[in-house]
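Residue indices begin at 1 and follow the sequence shown.
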Amino acid sequence: MLSIIYGILSAATWGAGDFAGGLASRKVGAYRAVFYADFIGLLILAVASFVYREPFPSTSGWINSLLAGALGSFGLLILYHSLSIGQMSIAAPVSALFAALLPVIVGALIEGLPSAIQLTGFVLALAAIWLISQGDGKFHISRLSDLRFPILAGVGFGSYFIFIHNAAGDPNSFLWPMIISRAAGTVLVFFMVFARRETFVVPHDAWGVVLLNAALDLTGNFFYILASKSGRLDIAAVLSSLYPGSTVILAWLLLKEHLSRMQLVGILLALAAIFLFTI
């Protein structure tokens with residue numbers, strides 16, 4: 001039950017972080033928004049590491065954390081690239097679906113098949129992720145190559161779920177996996193911003209939403225690790241992958257954006273999936 005609660009909290013805060021990240025991207029650009037979310041989160045974790053003295057992770061923990069940070073940031077950059085070339089209606093649902101599907105497959109191989117009720121919950125949750133992420137409900141593929149970048153983004157996100165779960169497997173390891181993974185992501189995005197010759201300067205009126213994005217993104221990671229440490233990898237990853245629902249609801253409430261019929265159905269399916277996980 002704790003894993004389910006933490007997974008829901010992870011989805012809620014990650015979704016709110018994406019909402020804040022969208023607002024930050026409008027002010028400073030997508031790449032700088034991602035860089036400062038990673039960098040500020042890293043500073044917060046560095047301070048926390050001095051307060052809470054946690055032993056250094058094993059070599060395996062270091063490797064899994066580095067892979068999690070690099071692949072998660074890679075997925076995010078690939079997603080932004082897909083969005084920038086006009087694949088929004090494809091990129092969002094496909095990347096979100098593969099982000100959840102990959103941990104489900106790995107979880108079944110490592111931890112065994114879940115119960116029949118949980119399997120039904122997975123099917124409903126994956127359908128919910130797909131429907132909620134589609135936005136206007138239009139999904140058009142003119143070429144199979146249109147799926148290349150969205151699938152890569154989803155594999156990057158799904159790999160983050162798996163590797164950070166492995167890194168946090170040690171009962172005494174919590175802060176270090178986040179610190180190492182965020183450091184890897186920060187370095188990767190820094191060089192992307194540098195290569196694009198973008199300025200690192202943030203306008204004064206943008207700092208509020210940039211800081212909010214960083215805090216929410218870090219909190220989402222915090223709750224996901226708690227979810228994966230207290231339960232199955234697949235349940236934690238699928239519940240956390242429902243984050244588009246939080247983004248969509250906030251956009252509907254605060255920005256008065258239209259909520260499509262398909263998104264409403266997706267939200268209802270997500271609630272049904274959560275109920276099945278609790279049985």
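When the ring pair (Phe, Tyr, Trp, His ring centres under 6.0 Å) test is applied to Phe56, the partners found at least two apart in sequence or on another chain are Trp176. Here Glu198 pairs with Arg196 under the side-chain hydrogen bond (donor to acceptor under 3.5 Å, both in side chains) rule; sequence neighbours left out.
Taking OG1 from Thr120 and CZ from Phe277, the interatomic distance works out to 9.5 Å, rounded to the nearest 0.5 Å. Rounding to the nearest 0.5 Å gives a distance of 9.5 Å between CD1 of Ile4 and OG of Ser230. Annotation: the span from Ser3 atom OG to Leu226 atom CG amounts to 9.5 Å, rounded to 0.5 Å. Atom CE of Met178 is separated from atom OG of Ser65 by 10.5 Å, given to the nearest 0.5 angstrom. The line from CD1 of Ile162 to OG of Ser228 is 11.5 Å long, rounded to the nearest 0.5 Å. The CZ atom of Phe163 sits 11.0 Å away from the CG atom of Leu66 when rounded to the nearest 0.5 Å.
Residues Asn64 and Pro177 form no side-chain contact, since every pair of their non-hydrogen atoms from C-beta on lies 4.5 Å or further apart. Looking at Asp38 and Leu42, their side chains never come closer than 4.5 Å, going by heavy atoms from C-beta outward. Looking at Tyr31 and Leu77, their side chains come closer than 4.5 Å, going by heavy atoms from C-beta outward. Annotation: side chain of Ile235 is in contact with side chain of Phe122 (closest heavy-atom distance under 4.5 Å). Contact of the Glu111 side chain with the Val106 side chain is not registered, since no non-hydrogen atoms from C-beta on lie closer than 4.5 Å. Looking at heavy atoms from C-beta onward, Phe19 lies out of side-chain contact with Leu216 at the 4.5 angstrom threshold.
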Please table the atom pairs, donor to acceptor, closer than 3.5 Å between any side-chain atom in residues 200-215 and protein atoms at least two apart or in another chain.
none

Item to complete: Just do the side chain to side chain contact (heavy atoms under 4.5 Å, CB included) check on Asp18 and Asp217 with the steps written out, would you?
Response: CA-CA 8 Å; Asp18 279 355; Asp217 180 65; 5.8 Å; no

Discussion item. I'd like to know whether Ser159 forms a side chain to side chain contact (heavy atoms under 4.5 Å, CB included) with Leu102, so could you lay out the CA-CA distance, the side-chain angles of the two residues, the decisive distance to 0.1 Å, and finally the verdict.
Written reply: CA-CA 7 Å; Ser159 298; Leu102 192 60; 3.9 Å; yes

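Looking at every heavy atom in both residues, Ala127 comes nearest to Leu269 through CB-CD1, 4.0 Å. For the pair Val238 and Ala125, the tightest heavy-atom approach, listed with the atom from each and the gap, is CG1-CB, 3.2 Å. In terms of heavy-atom proximity, Ala68 sits nearest to Ile164 at CB-N, 3.7 Å. In terms of heavy-atom proximity, Ile151 sits nearest to Phe98 at CG1-CE1, 3.9 Å. Closest approach of Ala70 and Ala184 over heavy atoms only: N-CB, 4.0 Å. Closest approach of Leu242 and Ala128 over heavy atoms only: CD2-CB, 4.2 Å.
Under a hydrophobic-cluster definition in which Ile, Leu, Val, Met, Phe, Trp and Tyr are linked whenever side-chain heavy atoms come within less than 4.5 Å, directly or via other members, Leu233 and Val123 are assigned to different clusters. The same ILVMFWY cluster, assembled from side-chain heavy atoms under 4.5 Å apart, contains both Leu264 and Trp252. Placement of Phe222 and Leu9 within a single hydrophobic cluster is found when ILVMFWY residues are connected by side-chain heavy-atom separations under 4.5 Å, directly or transitively. Side-chain heavy atoms closer than 4.5 Å link hydrophobic residues (I, L, V, M, F, W, Y) into clusters, and following such links, possibly through other members, connects Phe275 to Leu124. Both Ile180 and Tyr160 are assigned to one and the same hydrophobic cluster, defined by single-linkage of ILVMFWY side chains at heavy-atom distances under 4.5 Å.
Looking only at distances, a side-chain donor or acceptor of Arg182 sits under 3.5 Å from a matching main-chain atom of Ala37. With hydrogens and angles disregarded, a donor-acceptor distance shorter than 3.5 Å links the side chain of Thr13 to the backbone of Ser10. Without hydrogens or angle criteria, Gln263 side chain to Ser260 main chain gives a donor-acceptor distance under 3.5 Å. Using a distance-only test at 3.5 Å, with no hydrogens or angles considered, no donor-acceptor pair links the side chain of Ser181 to the main chain of Gly69. Side-chain atoms of Gln118 never come within 3.5 Å of backbone atoms of Leu276 as a donor-acceptor pair (strictly under, hydrogens ignored). Between the side chain of Tyr224 and the main chain of Phe161, a donor-acceptor pair closer than 3.5 Å is present. Although no hydrogens or angles enter the test, the distance criterion places a donor-acceptor pair under 3.5 Å between the side chain of Arg232 and the main chain of Gly112.
Under the side chain to side chain contact (heavy atoms under 4.5 Å, CB included) test applied with Ser240, the options Trp14, Phe223, Tyr6 reduce to a single match, Trp14.
Under the 30°/60° scheme for interplanar angles, the aromatic rings of Phe35 and Phe39 are found to lie parallel.
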